[in-house]
Amino acid sequence: MKQSKMKKITVFLLAAATCSIGITAQTAPIADNVKFSKVAAPVTNQGNQGNRPAGEFYHATYTGAAWGDYDNDGNLDVFYSDRNTHLSDNTVFGNLYHNNGQGGFTRILRSPIPSTAFSCPVWADVNNDGNLDMIISGLSNWYYGWNDNGDNADQIKAHLCLGNGDGTFEEVTESGLRPIFNGHTGGKGHNWISAADYDHDGYVDIVMTGFDDVNRLTKDHPEDALRAVYLYRNIKGERFEYVPTPLVDDKAFNGLTDGSAVFCDLDNDGWVDLFTTGYSVTHNSEGFIYWNNGDGTFTQGAPLPVWALTNASSSVADLDNDGLLDLVLTGIYVDTGGKYFYICKNNGDRTFTAIDTNDTFEGIDGGQLAFGDVNQDGLTDILVGGHGRSHDHTTWLYINNGDFNFAVYGAFYNDPFGKLGSFSRVTHGTHHLIDYDNDGYLDAWYLGWSNGGCGNGCLTELYHNDSDTKGIPANANPGVPTGLIVNANNPTGMVEFAWQPGSDDFTPATALRYNIYVKNLTTNECMMLVPANPLTGFLKVSALNAALQTRSYQMHLDKGNYEWGVQAIDNGNRGSLFATSTFSVTESGIDRITNTTSAVRGSKMRIDYQLNGPANITVYNALGTLIDKVSANGSGTITVPTQGIYLVTVTEGTHTQTYKLAL
C-alpha cells in the first residue's frame, strides 16, 4: 500500500494478560508481535455519487459480504448489499467495491449484481469459465413483514449472476434456487450459503439454510415458516437442481434458521461433509454433521459434544495444525438463553472433544468468524465480532499460541481509555481476514452494528496489518507440490489425482491445504475446487472451505485430453504456484503425457517462477521495455523496479508461454 496516498490512524494491539485453555491447561505466552492500523479513507471514489463523498465504505448492518477478484486483475474486491442509514430513504444498495491495486477502492455506482438485505453473498465459478459468479439470496425490502396471505412473497429473492470477467454480469432467470432468507433483523448467522463440489462431477454445488416463507408449514405464527437446509446440485453450469432427500435413508436435512451451513471435509476422505447449526422447527437450538458417503448421499452423524447454538455464525478451522478441521461455535443456547463460544477438537475418527474455552473466549451472540494467521507463526488466529456475555458488543482478535491456547488482542474492553488502541465495537454483521493489498499480511475488514463508532449505529471499516513494524516478515507463497500422479485403476472408476506435499516458511506440512484444477484441453472448461488463477496461483476468493486437507482427490471425467494442477495453501490463506501435468482419459483408463508446464506468479514488486526444466525468462513492462532476461531452472525470484503491469515470457525448448502480471 502506498502510504503517501492514504492517511492511516495507528492502533497498537497488545496482549495484557495470560490465559489458560485447552485439553491440558497451559499458560499462553505473550508476544508483542501484532499491530494493526485503521485505514482512514480507503475509498478513493464513490462512483461520483454526490451525497456520498469518497472516504469510507458504505455502512451496513445485519448482512454478509464476499471478497473475490471478480474482474481477474489479481486484487480482491468486495461486495455486500443492505440499506445505508446515512441516506434518507430505505433503499437496499448493492455495494461492489473495485480494488485498484494501490491500496484504495472505487465503488461501482450501479451495482451489476442485484441487491438483497440480510444476505449471504457467495462468489463461485458456477459454469467453469474461469470467471467469478455470484449467488445471493435475501430480502429486496428491508422492512419485509411476515404475511400469512403470502402476497409479499415476491420480496424474497434468490439470484444467480454469471460473471463475464470484465465487471459485467448476466442473471440466470431460471436458476432453480428457491428464495429464502436467514433472518429478519438482529444477530443471525451470515454464513448460511456455502459452495463446494459435493458429488465430484466438476461443478460447484450449493447448500443454504433459512426461512422458506413461500412454503410456510402453517398460518398460525411467523416462526412456523418452513425452516430449511436446502441442497442444490449444479447441472453442467447451467442451473441448479434441488435435492429434496439427500440423506441415505431418503430423508431431508433437518431444517434450521438463524445459523450457519458450511461445506467442509471433516474426516479427510476428500469428500466435503456438511456442518449446520441454528434454530429448529421444535424451537430449540440444534446442530448437525452430515457425512458425505461419496455416492451423492449423506449420513447424519452423532450429536455434537456441546450445545448447538443459534443467532450467530459457526464455522470450521484447523486450530492445532494436525490437518483436521475443528469446530467453532458461537451464539445463544435457546433453552437457557446463555451466550457461549465453543471449540471442539477434531479427533480424526468422526468424533470431537470439547475444549475448555471459558478462561479466554467470551460467549457472544451476533458472532461472525474469520480465520487466518495474522502474525506469521504458522497458527490460525480468529477474528470475531459479537455481543458479549459480560461486555458490550465489540470485536475480538484471538491470537493462537498453540495447543488451543489463545491470547486476546485488540478487544475494546481491554483498552477502555484508548492508550493502546483496539478494533471498533462492531457486531451482528460480518468479519473478514484478507490481504487486500497483496503485501503478505492478512488485514481486517468488517461491517455491522456499531457502538460509539457511528451516530447511526452502523460501521464498515478496514484495518491494515502493520506487523512488519514489529519485525514480522511477510508471508511468502508456499512451495509447489511435487510428484503428480494420475490413475483410473481404482474401485470407484473415477480419475484419481495424488501428489507429494508442498512446503511453507511458517505453516507446517501437516496443516497445508490444497487446491486442484482440471482443464479440458478441447473445450477449455476448467473445473477448480477453490477459484484461483491457474497461471499465477492467486486465490480469487477468501472463502477456502472447499480446499483439501489431504493429498489426493477423485473426480468423474469423460473421455478427453486434460491438464491438471495442484497448489498448496498456507494458514496465511496464500496459495503457491500450481504444479501441472497433462493426461488423457481413454476407454482403457489413463494415458499419461510426460510433459508438464511451468508456472509464474507475481506479488508486490517481485515475480516468482517454478520451472520444470531449463528455460529463458524475459520480463517487459507495459510499454514494452525490456526489464530483465534470465536463464533459469527450478524455482526463483525476479525483482522489478516499480509496481505496474508486466509481461513475462517463459521459453522451454520450442514452447513459449506468456503471462500478464499486475504487481
Side-chain angles (χ1 to χ4, degrees), residues 66 68-72 79 112-114 116 119-138 156-180 193-208 212 214 228-246 261 263 271-272 274 292 295-297 494-495 516-532 534 540-541 543 545-546 553-564 585:
D69 181 11
Y70 75 94
D71 56 356
N72 297 322
F79 175 83
I113 300 169
T116 62
S119 62
C120 175
V122 172
W123 293 113
D125 186 0
V126 172
N127 56 358
N128 292 342
D129 66 351
N131 300 315
L132 288 185
D133 311 308
M134 172 59 70
I135 301 104
I136 184 170
S137 184
I156 312 172
K157 302 291 186 181
H159 302 284
L160 169 61
C161 300
L162 302 181
N164 297 313
D166 58 359
T168 63
F169 292 81
E170 299 177 13
E171 183 167 3
V172 178
T173 56
E174 300 293 335
S175 67
L177 299 175
R178 297 186 176 190
I180 66 174
I193 300 177
S194 188
D197 181 9
Y198 84 92
D199 57 357
H200 289 208
D201 66 349
Y203 294 92
V204 64
D205 309 299
I206 298 296
V207 65
M208 58 176 68
D212 186 345
V214 176
V229 174
Y230 288 155
L231 176 67
Y232 296 94
R233 183 170 179 267
N234 188 332
I235 307 300
K236 299 295 184 181
E238 299 173 354
R239 60 183 176 86
F240 287 98
E241 179 181 81
Y242 170 54
V243 182
T245 54
F263 272 137
W271 297 81
V272 290
L274 178 60
N292 192 331
D295 59 1
T297 68
M494 294 188 290
V495 176
I516 76 166
Y517 77 84
V518 179
K519 182 179 180 180
N520 187 311
L521 294 177
T522 301
T523 65
N524 286 324
E525 187 177 25
C526 188
M527 299 160 277
M528 191 173 295
L529 299 187
V530 178
K540 293 183 180 181
V541 296
N545 57 288
Y553 190 75
Q554 297 178 345
M555 184 180 291
H556 298 280
L557 290 175
D558 297 329
K559 291 186 296 181
N561 299 320
Y562 296 90
E563 174 186 286
W564 80 284
V585 178

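This chain uses plain numbering: 1 for the first residue, then up along the sequence.
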For a side-chain contact (heavy atoms from CB on, under 4.5 Å) check, start with the C-alpha distance between His556 and Met494, then their side-chain angles and the critical distance, and finish with the verdict. CA-CA 5 Å; His556 298 280; Met494 294 188 290; 3.1 Å; yes
side-chain contact (heavy atoms from CB on, under 4.5 Å) between Asn72 and Asn131: does it pass, once the steps are laid out? CA-CA 7 Å; Asn72 297 322; Asn131 300 315; 2.9 Å; yes
In sequence, state the C-alpha distance, the side-chain angles, and the governing distance for Tyr562 and Val495, and then conclude on side-chain contact (heavy atoms from CB on, under 4.5 Å). CA-CA 11 Å; Tyr562 296 90; Val495 176; over 6 Å; no
Any chance you could lay out the side-chain contact (heavy atoms from CB on, under 4.5 Å) test for Tyr198 and Val207, step after step, and finish with the verdict? CA-CA 10 Å; Tyr198 84 92; Val207 65; over 6 Å; no
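Under a 3.5 Å cut-off, the side chain of Asp197 and the backbone N or O of Gly202 do form a donor-acceptor pair. With Trp123 contributing its side chain and Tyr70 its backbone, the two residues share no donor-acceptor pair below 3.5 Å.
In plain terms, the two heavy atoms of Ser137 and Lys157 that are nearest each other are OG-O, 2.8 Å. Between Asn127 and Asp125, the shortest heavy-atom contact is OD1-OD1, 3.2 Å. Nearest heavy atom pair, residue Ile136 against residue Pro121, reads CD1-CB, 4.1 Å. Between Thr116 and Ser119 the shortest heavy-atom distance is OG1-CB, 3.1 Å. The shortest non-hydrogen separation linking Cys161 to Phe169 is O-CD2, 3.9 Å. Between Ala195 and Val122, the shortest heavy-atom contact is CB-CG1, 4.1 Å.
Taking CD from Glu174 and CG from Leu160, the interatomic distance works out to 11.5 Å, rounded to the nearest 0.5 Å. Taken from CD1 in Ile113 to CD1 in Ile135, the straight-line distance is 10.5 Å, to the nearest 0.5 Å. Within the model, atoms CG of Leu162 and CD of Glu238 stand 10.5 Å from one another, a figure rounded to the nearest 0.5 Å. The CG atom of Asp69 lies 6.5 Å from the NZ atom of Lys540; values are rounded to the nearest 0.5 Å. Note that CD of Glu563 is 11.0 Å distant from CG of Asn520, once rounded to the nearest 0.5 Å. Atom CD of Glu241 sits about 12.0 Å away from atom CG of Leu177, to the nearest 0.5 Å.
For the residue pair Tyr203/Glu525, the side-chain donor-acceptor check at 3.5 Å is satisfied.
A perpendicular orientation is assigned to the rings of Tyr232 and Phe240, their planes being inclined by more than 60° (bins at 30° and 60°). Below 30°, between 30° and 60°, or above 60°: for Tyr230 and Tyr242 the angle between ring planes is above 60°, a perpendicular geometry.
For Asn545, the side chain to side chain contact (heavy atoms under 4.5 Å, CB included) partners are Ser194, Val262, Phe263, Ala543, not counting sequence neighbours. Remark: Asp558 engages no residue in a side-chain hydrogen bond (donor to acceptor under 3.5 Å, both in side chains) (not counting sequence neighbours). Not counting sequence neighbours, the partners of Glu170 by the side chain to side chain contact (heavy atoms under 4.5 Å, CB included) test are Asn164.
The closest side-chain heavy-atom distance from Val126 to Ile206 is not below 4.5 Å.
Salt bridge Asp201/Arg233: present, at least one basic N to carboxylate O contact under 4.0 Å.
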